[in-house]
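Note: hydrogens, waters and symmetry copies are ignored here, and every other heavy atom, side chains too, is used. Each residue takes its place number in the sequence, starting with 1.
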Amino acid sequence: MGLPKRRCPNCGDTDQHFRHMHDDEKAFALKQGLVHRADLDKFRRCTREGCVRVQSYFNWRSGFDLPEEFRSPPQPAVQ
């Protein structure tokens, strides 16, 4: 089974794959008070290159953007 697809407002309201947050993303969300510890597993991060959207698995409107340092670097072209 692949990653779930959900609506991502940062990606032009298109359906994108979302994954669980990594430890550093969870730590940021907790430190900033963006997510309660009990709800961490309900939030997912968009996997589209360059997107920093994190949102509830159950409600796309409940979410936030990670800061720029979490933005994935562009992938080098394969030759």
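To the nearest 0.5 Å, atoms CG (D41) and NE2 (H20) are separated by 6.5 Å. Atom SG in C8 sits 6.5 Å away from atom CZ in R53 (nearest 0.5 Å). Between the CZ atom of F64 and the OG atom of S56 there is a distance of 10.5 Å, given to the nearest 0.5 Å.
Every residue two or more places apart in sequence or in another chain was checked for a side chain to side chain donor-acceptor pair (under 3.5 Å) with R48, and none qualifies. Contacts of E25 classified as side chain to side chain donor-acceptor pair (under 3.5 Å), with partners at least two apart in sequence or in another chain: R19, R45. In this view, E69 satisfies the side chain to side chain donor-acceptor pair (under 3.5 Å) rule with no residue, not counting sequence neighbours. For D39, the side chain to side chain contact (heavy atoms under 4.5 Å, CB included) partners at least two apart in sequence or on another chain are V35, H36, K42, F43. Shown here are the side chain to side chain donor-acceptor pair (under 3.5 Å) partners of R44, two or more places apart in sequence or in another chain: there are none.
Put simply, the side chain of F70 does not reach to within 4.5 Å of the side chain of D65, judged on heavy atoms.
Geometrically, R6 does not engage W60 in a cation-pi contact, judged by NZ or CZ lying under 6.0 Å from the ring centre and within 45° of the ring axis.
Note: the hydrophobic cluster containing L30 also contains M21 (ILVMFWY, side chain heavy atoms under 4.5 Å, direct or indirect links).
Of all non-hydrogen atoms in V52 and P67, the two that sit nearest each other are CG1-O, 4.1 Å. Of all heavy-atom pairs spanning L34 and F28, the tightest one is CD1-CE2, 3.8 Å.
Hydrophobic side-chain contacts under 4.5 Å tie F18 to no other Ile, Leu, Val, Met, Phe, Trp or Tyr residue.
Ionic pairing of R7 and D13 is present here: one or more N-O contacts between side-chain nitrogen and carboxylate oxygen are shorter than 4.0 angstrom.
The closest donor-acceptor contact from the side chain of S62 to the backbone of N59 lies at 3.5 Å or more, if one exists at all.
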